[in-house]
Amino acid sequence: MVYQLLFSPTGGTRAVADALATGPVIDLTDCDADFSAVQLTAEDVAVIAVPSYGGRVPEIAAQRLTRVQGGSARAVLVCVYGNRAYEDTLVELADLAAAAGFRVVAAVAALAEHSIARMYAADRPDEADKAVLGTLWEKIRAKLDAGDDTVPALPGQRPYKPRGTRTMVPRTSKRCVACGRCTLGCPVGAIDPRDPRRTDPTRCIGCMRCVQICPVGARQPDPDALAALVQHLEPLCADRKENELFL
């Protein structure tokens with residue numbers, strides 16, 4: 001059985017994972033789930049997919065993944081980034097997967113629309129990406145079918161780069177109708193269920209799920225901070241980067 005272990009607040013990581021291989025989903029954004037109850041076996045394959053946040057695995061995704069019981073299942077790691085860089089994300093994800101009892105046999109670095117500065121890698125994964133990802137999965141599948149459990153060499157450094165200290169907390173405008181959709185969808189429970197206009201900045205991870213799912217567009221990144229980010233990313237995201245496979 002192929003399982004998807006996904007941390008995909010805005011859907012880009014899920015789209016990449018689905019282009020590789022679908023299967024039952026273990027949603028690492030679910031703050032109410034008991035991940036310690038998730039048990040895989042050596043006969044299973046896990047597609048473990050996360051976005052790169054500043055060149056690292058999102059901290060909350062790392063915490064939840066370590067609670068899963070990998071049971072020696074073979075793991076295909078997927079790092080998704082918004083056309084800047086993924087730096088130490090794959091090596092960190094490999095270490096987390098191994099600590100949870102998985103056997104890492106392959107990895108993919110793939111592109112999806114940047115969750116904050118959405119003009120970068122806009123509309124990716126596009127049809128060309130999906131075709132490439134399908135081809136990559138054929139190569140991964142051949143390795144799995146051959147019983148080849150060799151661990152791939154992955155780019156990145158240990159110790160990992162330091163985590164960033166700044167998080168872009170979305171603002172809430174007067175358009176908010178207090179429907180509570182953002183409260184229910186927040187992966188870290190940072191939005192007050194009694195007043196969805198309020199966000200705890202110490203808990204928010206800046207994932208932008210609330211921005212994406214708000215039905216009236218009431219939640220948006222701070223415009224000054226967004227403009228500064230766009231300017232910073234412009235020279236780093238100028239060229240179209242491509243999907244990579246590590247076997």
Side-chain angles (χ1 to χ4, degrees), residues 2-10 12-21 26 28-29 40 45-68 70 72-115 120-121 124-125 129 132-141 143-144 148-164 205 207 233 236-237 239-247:
V2 176
Y3 290 88
Q4 292 184 331
L5 280 71
L6 306 179
F7 188 83
S8 184
T10 57
T13 298
R14 173 88 188 248
V16 168
D18 284 347
L20 286 167
I26 298 161
L28 297 174
T29 69
L40 279 71
V45 174
V47 175
I48 306 176
V50 302
S52 178
Y53 281 10
R56 296 283 304 274
V57 175
E59 190 169 8
I60 189 64
Q63 293 170 5
R64 291 171 181 172
L65 180 59
T66 56
R67 298 177 200 155
V68 173
S72 294
R74 290 178 291 176
V76 177
L77 310 181
V78 183
C79 161
V80 180
Y81 68 111
N83 209 57
R84 184 190 70 83
Y86 55 90
E87 293 156 310
D88 300 334
T89 309
L90 276 178
V91 292
E92 183 182 11
L93 187 57
D95 292 344
L96 291 165
F102 293 95
R103 293 176 289 154
V104 176
V105 298
V108 172
L111 283 297
E113 184 172 280
H114 197 286
S115 60
Y120 298 123
R124 298 186 75 179
D129 289 317
V132 169
L133 291 167
T135 299
L136 298 188
W137 182 255
E138 291 176 3
K139 296 178 180 179
I140 294 169
R141 185 81 258 179
K143 181 176 182 179
L144 294 170
D148 182 353
D149 290 349
T150 54
V151 179
L154 301 175
Q157 301 293 324
R158 299 180 180 90
Y160 321 127
K161 64 174 292 189
R163 290 191 182 278
I205 59 173
C207 73
L233 290 176
L236 304 174
C237 298
D239 298 327
R240 178 185 171 99
K241 296 180 176 67
E242 299 299 338
N243 305 283
E244 300 172 82
L245 173 64
F246 303 94
L247 287 176

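These numbers were taken from a predicted model, which means no experiment stands behind them. One-based numbering along the sequence shown. No hydrogens, no waters, no symmetry mates; every other heavy atom, side chains included, goes into these values.
In this structure the side chain of Leu40 reaches within 4.5 angstrom of the side chain of Phe102, judged on heavy atoms. Residues Tyr86 and Glu244 have side chains in contact (heavy-atom distance under 4.5 Å, counting atoms from C-beta outward). A heavy-atom distance below 4.5 Å is not found between the side chains of Leu111 and Arg240.
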_Test salt bridge (Lys or Arg N to Asp or Glu O under 4.0 Å) on Glu92 and Lys161; report intermediate values, then the result._
CA-CA 10 Å; Glu92 183 182 11; Lys161 64 174 292 189; over 6 Å; no
Yes or no on side-chain contact (heavy atoms from CB on, under 4.5 Å) for Val108 and Phe246, after CA distance, side-chain angles and deciding distance?
CA-CA 6 Å; Val108 172; Phe246 303 94; over 6 Å; no
Discussion item. Using the rule given for side-chain contact (heavy atoms from CB on, under 4.5 Å), can you reason through Ile140 versus Leu245, listing the C-alpha separation, both sets of side-chain angles and the distance that settles it, and then say yes or no?
Written reply: CA-CA 9 Å; Ile140 294 169; Leu245 173 64; 3.7 Å; yes
Inset, instruction - With side-chain contact (heavy atoms from CB on, under 4.5 Å) as the test, would you mind laying out the steps for Arg84 and His114 before giving the verdict? - result: CA-CA 9 Å; Arg84 184 190 70 83; His114 197 286; 5.6 Å; no
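Of all non-hydrogen atoms in Phe7 and Leu28, the two that sit nearest each other are CD1-O, 3.4 Å. Between Leu96 and Ala62, the closest heavy-atom pair is CD1-CB, 3.5 Å. Counting all heavy atoms, side chain and backbone alike, Thr10 lies closest to Ser115 at OG1-CB, 3.9 Å. Shown here for Thr150 and Lys143, the closest heavy-atom pair between the two residues is O-NZ, 2.9 Å. Counting all heavy atoms, side chain and backbone alike, Ala17 lies closest to Val47 at CB-CG1, 4.4 Å. The shortest heavy-atom contact between Ala100 and Leu65 is CB-O, 3.6 Å.
Atom NZ of Lys139 sits in a sparse spot, with 12 or fewer heavy atoms from other residues, nucleotides or ligands closer than 6.0 Å.
Shown are Pro51, Cys79, Pro125; of these, the side chain to side chain contact (heavy atoms under 4.5 Å, CB included) with Thr13 is made only by Pro51.
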